[in-house]
Amino acid sequence: MKSLEELAAIRDRMKSRVVLREGSGETRVVVGMATCGIAAGARPVLNAFVEEVAKENLTDHVTVTQTGCIGICQYEPVVEVFEAGKEKVTYVKMTAEKAKRVVEEHLKGGKPVSEYTIGNN
Amino acid sequence: MIRTHVLVCGGTGCTSSNSPAIRAAMEKEIEARGLSEEVKVVQTGCFGLCALGPIMIVYPDGTFYSRVTEEDVPEIVEEHLLKGRPVERLVYNDTGNEEKVDGPVSLSDTGFYKKQLRLALRNCGVINPEVIDEYIAMDGYAALGKVLTEMTPKEVIDLVLASGLRGRCGAGFPTGRKWMFASGGEPGTKKYVVCNADEGDPGAFMDRSVLEGDPHAVIEAMAIAAYAIGADEGYIYVRAEYPIAVKRLNIAIGQAREYGLLGKNIFGTGFNFDITVRLGAGAFVCGEETALLTSIEGNRGEPRPRPPFPAVKGLFGQPTIINNVETYANIPQIILKGAEWFSSIGCEKSKGTKVFALGGKINHTGLVEVPMGTPLSTIIYDIGGGIPNGKKFKAAQTGGPSGGCIPASLIDTPVDYDSLTAIGSMMGSGGLIVMDEDNCMVDIAKFFLTFTVDESCGKCTPCREGTRRMLEILERITDGKGEEGDIERLESLAKTIKTTALCGLGQTAPNPVLSTIRYFRDEYEAHIREKRCPAHVCQKLARFVIDPEKCKGCSACSRKCPVGAISGQIKSPFVIDQTKCIKCGTCLDTCKFGAISKN
């Protein structure tokens, strides 16, 4: 390494990999991963969120995590988005494709994708 | 894409409670479950809560698992990593509040961490110390880059001076001033930067944890110091009893060299610096700076008179700065965040934070870091979780064999350099040993003095002979053969040793005796005059007696007594012949009726 730029490049590349350990994202995306969720296909949804959030450089303030059964098994895979100072948004019957749209429009654009939410299903 | 990090502590404490096997089992189980692409297992340095090890933390949720065993691993993987349900029975969620919390709490909300401020330990338990990239992700080596490209050596020294940083081991000398003294001289003078990692106080493991958890911070700081004083060579003197620390240091130095952060022409600025690791054989005296330098030079580790101070004439006769591990660990952040930031933490004359190794009669044995000036009571009760088994706090020893004790009446003393010195103790390197009502203070003084007598290098008479004479008096007192005037004799010897010993360790060796006399003189007097140990510790002063009211005359004790000191008629009370009794306590353990007591 011969320059500060190289050092900064390593830092930026690595930052996204350790930021997970700070676990203090202002926005939390929680994927239901109990038996019901997994059976309904929650894992591809979880992985899609992790990938998209990283791709869009949102890791600084968005934490993707999992939880057990939320209690509405017929709607699985269920994803809840918690934002500081805002009402929680519950997405149901999620897929990896839908996850991409939620990242794009909700997490990045700030506008929940209402057609995927629990009220509309 | 990795969604979860499982951090497994790889500090010495958790390693000895089997964390490497747990990490291996975790990796295997994750592989078997097909989660390798999603979950990463990371080995880190010490989290601090050594008493509850092995420790594991799962991010991003921050679930804190304590006392994990290999058998627990499949359950954690299936329940938590796969299904998102933390394994409740292993979750540590003690927030220190009265009401119990259900489920996991984040690490920073636990009682143990809530009142801590981790600067020197900021990366310990967060990054993998064997991966330089993780250190760089935490702004590692940015301070070195800034210093080399934007600052003059004088500006660096002025910044460290302004921060108010004082040495984190021993006397608390201002670090910036030390650097300033070494910075002068003819241009081109050969100079050295040395790191004192010879942590020898009984019960202290602060420096070991920094080296194990964040070795690059020390390397980066040494390079900064070298630039500031104009040195190009550094030595880290670490004891061979710290195998994990030595291994990680060597890995870190190798990686830094590979990245060109050590070696020639660092960052293309023309600045050269490299580090050699020297292993010590574990002599306590080698923690004394001049003895340490003598040992690096290849000679027998013995101190030499000061002045000349190392900053003027140190290693191989050249100007040398020598700081300890924790002092260095603070430097990169001071450079990046500024002197004002650092001096806003702590109290008037003691800036920043201090790491303590909590040990003895305390619930949370481990490593804590608090702002300077935090009351001792906060460290012991809020962070340390108080004294086990509902016992009463009696005293805390700070500064190891060079320090003194702080009695219960002074438990609200702010922990900073000057407050501790004022009450006859000292900050020292940061060992903090807690004692409860079952500890005899004369015995504690004897313990520390035994240590100094064993470790005295023998070069100067006051330490070699004086501490031994003091120990003989203490042994006499605890054997029940103390005489009137022994306390005064101890005080007089202590005064002579303090003023005449060659090095800092000799000069401070009498401190544990002096401070226990100061605060617990009545205990010394009880030993000498009444031949009684109030805490029932000193075996030779113990007196075992049989209560005739409770004794059933079963003869069990007399049959177990190894010296035949107990006699009597079956079904009538037995008696102990005090002249034959060797105070072994076997009778006490044998009696089923609670008829035997120890006075």
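What you see below is based on every heavy atom in this structure, not just the backbone, and it leaves out hydrogens, waters and symmetry mates.
- Interface remark: B/D139 contributes backbone and side-chain atoms alike to the contact with chain A (heavy atom separation under 4.5 Å).
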Run the side chain to side chain contact (heavy atoms under 4.5 Å, CB included) check on A/M14 and B/I136 step by step: do they pass? CA-CA 8 Å; A/M14 287 302 294; B/I136 292 174; 5.9 Å; no

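- Note that OG1 of A/T63 and CZ of B/R3 are 14.5 Å apart. Values are rounded to the nearest 0.5 Å.
- Note that CD of A/Q66 and CD of B/E38 are 9.0 Å apart. Values are rounded to the nearest 0.5 Å.
- With sequence neighbours excluded, the residues that form a ring-ring contact (aromatic ring centres under 6.0 Å, His included) with A/H106 are A/Y91.
- Interface summary for chain A: among B/L261, B/T4, B/L81, the most heavy-atom pairs under 4.5 angstrom belong to B/L81.
- Considering all non-hydrogen atoms of both residues, B/A137 and A/V18 come closest at CB-CG2, 3.6 Å.
- Within residues 36-54 of chain A, the residues having any heavy atom closer than 4.5 Å to a heavy atom of chain B are A/I38, A/R43, A/L46, A/N47, A/V50, A/E51, A/A54, listed by residue number.
- Atom NZ of B/K146 is surrounded by more than 12 heavy atoms from other residues, nucleotides or ligands within 6.0 Å.
- When every heavy atom of A/A34 is checked against every heavy atom of B/R85, the shortest pair comes out as CB-NH1, 3.9 Å.
- Both the backbone and the side chain of B/E134 come within contact range of chain A, with heavy atoms under 4.5 Å apart.
- We find that B/D133 and A/R11 are not joined by a salt bridge, their nearest charged nitrogen and carboxylate oxygen being 4.0 Å or further apart.
- Atom CD of A/E115 sits in a crowded spot, with more than 12 heavy atoms from other residues, nucleotides or ligands closer than 6.0 Å.
- Residue B/L148 does not touch chain A at all, counting heavy-atom pairs closer than 4.5 Å.
- For A/K15 against B/M138, the heavy-atom pair with the smallest separation is NZ-SD, 4.4 Å.
- Counting heavy atoms of neighbouring residues, nucleotides and ligands inside a 6.0 Å radius, atom CD of A/Q74 exceeds 12 of them.
- Contacts of B/V58 with chain A are absent, with no heavy-atom separation under 4.5 Å from either backbone or side chain.
- Within the 4.5 angstrom heavy-atom criterion, atoms from both the backbone and the side chain of A/T65 approach chain B.
- In this structure, no portion of B/T269 lies under 4.5 Å from any heavy atom of chain A.
- The local environment of NZ in B/K114 is crowded, with over 12 non-hydrogen atoms from other residues, nucleotides or ligands closer than 6.0 Å.
- Here the straight-line distance linking atom OH of B/Y259 with atom CD1 of A/I10 works out to 4.0 Å at 0.5 Å rounding.
- The backbone N or O of B/F267 sits nowhere less than 3.5 Å from a side-chain atom of A/E6 that would complete a donor-acceptor pair.
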